[in-house]
Number of protein chains: 4
Amino acid sequence: MNIHSVARNPDIAQLLLDSAISLFAERTYEGTQMPAVAQRAQVGVGSIYRYFPGKEALGNAAFQYAKRGLLDRLTEALDEGGPAQSVREEFGRVWLGFTRYAGSRHEAFVFLEHQQHDTFLAPESQALSAEVDRFATDFIERGQRAGEIRDGDPQQLVALAIGAFTGLVKHLRPGGITQLAPDSLAAAEDAVWDLLHRKGAS
Amino acid sequence: MNIHSVARNPDIAQLLLDSAISLFAERTYEGTQMPAVAQRAQVGVGSIYRYFPGKEALGNAAFQYAKRGLLDRLTEALDEGGPAQSVREEFGRVWLGFTRYAGSRHEAFVFLEHQQHDTFLAPESQALSAEVDRFATDFIERGQRAGEIRDGDPQQLVALAIGAFTGLVKHLRPGGITQLAPDSLAAAEDAVWDLLHRKGAS
Amino acid sequence: MNIHSVARNPDIAQLLLDSAISLFAERTYEGTQMPAVAQRAQVGVGSIYRYFPGKEALGNAAFQYAKRGLLDRLTEALDEGGPAQSVREEFGRVWLGFTRYAGSRHEAFVFLEHQQHDTFLAPESQALSAEVDRFATDFIERGQRAGEIRDGDPQQLVALAIGAFTGLVKHLRPGGITQLAPDSLAAAEDAVWDLLHRKGAS
Amino acid sequence: MNIHSVARNPDIAQLLLDSAISLFAERTYEGTQMPAVAQRAQVGVGSIYRYFPGKEALGNAAFQYAKRGLLDRLTEALDEGGPAQSVREEFGRVWLGFTRYAGSRHEAFVFLEHQQHDTFLAPESQALSAEVDRFATDFIERGQRAGEIRDGDPQQLVALAIGAFTGLVKHLRPGGITQLAPDSLAAAEDAVWDLLHRKGAS
DNA sequence: TATGAATGAGGATTCATTCAT
DNA sequence: AATGAATGAATCCTCATTCAT
């Protein structure tokens, strides 16, 4: 440890977040007991409280960590490989972002999708959700201006498309999207694109 | 009721089911307390136990009641107006079934969608879920045989389509799908049809 | 039970208050566990929470109940038998009030005396303490105006006199002042009167 | 320290004792956490356990240190300036002993006064208490034999007199007796002497 | 030697369930 | 038959104590 070492061990905080996320995904926030979180993280119960003030704080931290991770993957994927040449290509990048996140962090994705029940979500957590929504509606609006995405309320289209993706991911439990053959995944991508694509457009 | 009619009052059982469903939809099965269910049903806590052996039984009864209701609506809608003339028409009927159910029983629909977490679901409840799935995959398979629905694993297509519908319904909370203008709903129907429709087909 | 019967059973609340007071007197507020309070009251732990929101509330209710009881006894005793003929007689009545209270509610008296530690005392509780203080300083001031009680800060004299009485009561644990012979008690009364009495006065 | 001097640093032990005493006085033994003691002593929690086997041992050491300090001050004061010429003078010396201790170690005095609750006090600690009591009753008995102190159970008179002094000290919180003007202190001394003094005596 | 992060037994509180009314 | 007060197991959280650094 160097002189800048902090009292809190970031590895343990991370371990706890991961443990919490996977349990919340399996059994619900309310249905998950603190000792279970500790056990899965291979840590004593008391340790949770060195890193988080209580269960609610842990739940929010887990939610924010997961949402932020999704948002980062989406942003990364969108920016990869320079400016997109077409709306379809841009869609492919967004799809890739979702796909990568749901593939590498399946439990986190499932956990996020259950949090319409905001029993415990703090305003800060909800703000992060809004950022992801904004990311998606921005894409839809660009596509609509380019005449490539069908008309209608962008939020509604987002709801349909993300809903379809979520349905796919949940259906593939427990392994998640990783267990899907590449061509099946490509077929799903095409199907969702057709959900958004304006008929009669290029 | 026959001459051996029991002391149980079916209205109260129904009231409790409705109360439980709406609370489970709002706060999760685990996050809902028995006294809260009783209160919303305007009944004493003790009364719940005259109608259901315990919380888990209540949860399963609520789930089964809701799933059965959805299945009934779907079957009804499909059979309405004689044999369908086309896959698209059949899709319209299925869509109508979902739409009617989500419109009239919004909370029940939301509750059902959260029950991927089968912490408490009995095999009987899961069997009912399978029946709804079968209903949907049957439709997909008929459509595929007719060359109207795209190729691929029917269950995966079901997951995408129902996922899309679910996304729409959740997005429209709290009022649910009833607050959607008829043309918006029609647009959503078209979008989901395009998700399923085989390109190049009629 | 009549139609005005309340949901809360006042006997249980009272039982809990008594149980809490005696335990707090024996082991400190902090050193007393909720299950111990329940056990002494012959009640389940959960029942405490039907009557008091939590430990702190129970502690304050116990304190207020005890202080109020003391104040009532003091007021009663002072008003007994018409106007006092002398300061000494008035002192006798005040002494009687203290004596009766400490005799019948020994544990409550001891509990009250420990609450200089206001770790948990709410402003309302402290206000009641102030009322008892006022009662005592009023008496001292009347005595000083009559030339019968020595000069000096009334609060300081109160502190000395009540301190002396408290020392006596604590020393007589566990039975308390009841186990004191009447003439010993009378001797103590005289001694404390001499603590207050102005020398050279009548 | 001799050549076998241990690794223990007596300054730290002392620091811990002082820290413990002041916290126990403020918040009760039970209400004081070990980390709080460590923090006030500017020492790591673990260090407490190098000097004391546990909380109970710390509590007893603190109690004994405080009681011993009081006893030492009393003995010192009594022996100061040769043989006392009168019981009143002897009383003055005892009073001075109490006064000096309560003045210089206010928190310790308050802490001692709360320890009628012997939840944690070991027999050794109680033996020390008995020594202080004996010191005081010896004085009372001498005074009674000299006809200067009123008749009655010496322990009871001790309880009254020490109780009065204690009441005074507590009333003067937080600064304690140091904030009292010299003439007020002298007045209190006279009052307590009158509590003990046999009427009609010289 | 000193530290404070980690631990888990123990304490406060909640809530499914029972049962006397 | 209906009720809701009473119960205590199960939950969240605290804090005395340990031990690796």
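Proteins get letters first, then strands, A, B, ... in listed order; numbering begins at 1 in each. For the numbers below, each heavy atom of this structure counts, side chains included, while hydrogens, waters and symmetry mates do not.
In this structure, the nucleotide among F:dC12, E:dA2, E:dG11 sitting nearest to the side chain of D:Ser47 is E:dA2. When each of F:dG4, E:dT14, E:dT3 is scored by its nearest atom to the side-chain atoms of C:Tyr49, the top-ranked nucleotide is E:dT14.
In this structure, the CZ atom of D:Phe120 is 13 Å from the P atom of F:dA16, given to the nearest Å. One can place CD of B:Glu30 at 14 Å from C1' of F:dT11, the figure rounded to the nearest angstrom. What separates CG of C:Leu16 from P of F:dA5 is a distance of 15 Å, to the nearest Å. Between C:Arg50 atom CZ and F:dA5 atom P there is a gap of 4 Å when expressed in whole angstrom units. As rounded to whole Å, 13 Å separates atom P of E:dA2 from atom CD1 of D:Ile48. Distance C:Gln39 CD to F:dT7 P: 13 Å, rounded to the nearest Å. Rounding to whole angstrom units, CG of residue B:Leu15 and C1' of F:dA1 are separated by 16 Å. We find that CD of C:Gln33 is positioned 6 Å from P of E:dA12, with the value rounded to whole Å.
The number of heavy atoms from other shown groups lying within 6.0 Å of CD (B:Glu124) does not exceed 12.
Residue pairs meeting the side chain to side chain donor-acceptor pair (under 3.5 Å) criterion with at least one member in residues 32-41 of chain D, sequence neighbours excluded, are D:Ser22-D:Arg40, D:Glu26-D:Arg40, D:Arg27-D:Gln33.
Heavy-atom distances to DNA chain F give each of D:Pro35 and C:Gly46 a nearest nucleotide, and the one nearer the 5′ end belongs to C:Gly46. Residues A:Val45 and D:Gln42 each lie close to DNA chain E; by heavy-atom proximity, the contact nearer the 5' end of the strand is made by D:Gln42.
The phosphate of E:dA6 (OP1 or OP2) has a side-chain N or O of A:Tyr51 nearer than 4.0 angstrom.
Proximity of A:Phe120 to A:Gln115: side-chain heavy atoms (C-beta onward) are separated by under 4.5 Å at one or more points. Inter-residue side-chain proximity for A:Ile21 and A:Tyr65 is flagged as met; some heavy-atom pair is nearer than 4.5 Å. Residues A:Thr28 and A:His114 fail the side-chain proximity criterion, which asks for heavy atoms closer than 4.5 Å.
Using modelled atom types, no side-chain atom of A:Asn60 and backbone atom of A:Ser125 make a donor-acceptor pair closer than 3.5 Å.
Less than 4.0 Å separates DNA chain E from at least one heavy atom of each of the following residues of residues 53-64 of chain B: B:Gly54, B:Lys55.
Just one residue in the list D:Phe63, D:Phe109, D:Phe111 forms a ring pair (Phe, Tyr, Trp, His ring centres under 6.0 Å) with D:Phe24, and that residue is D:Phe111.
Looking only at atom types and distance, the side chain of B:Glu30 has no donor-acceptor partner in the side chain of A:Tyr29 under 3.5 Å away. Judged by distance alone, the side chains of A:Asp18 and A:Gln14 do bring a donor and an acceptor atom under 3.5 Å apart.
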### Task
Dot-bracket for DNA chain E, please, read 5' to 3', with Watson-Crick or G-U wobble pairs under 3.5 Å on both distances, ( ) within the strand, [ ] crossing, | other strand, . unpaired.
.||||||||||||||||||||

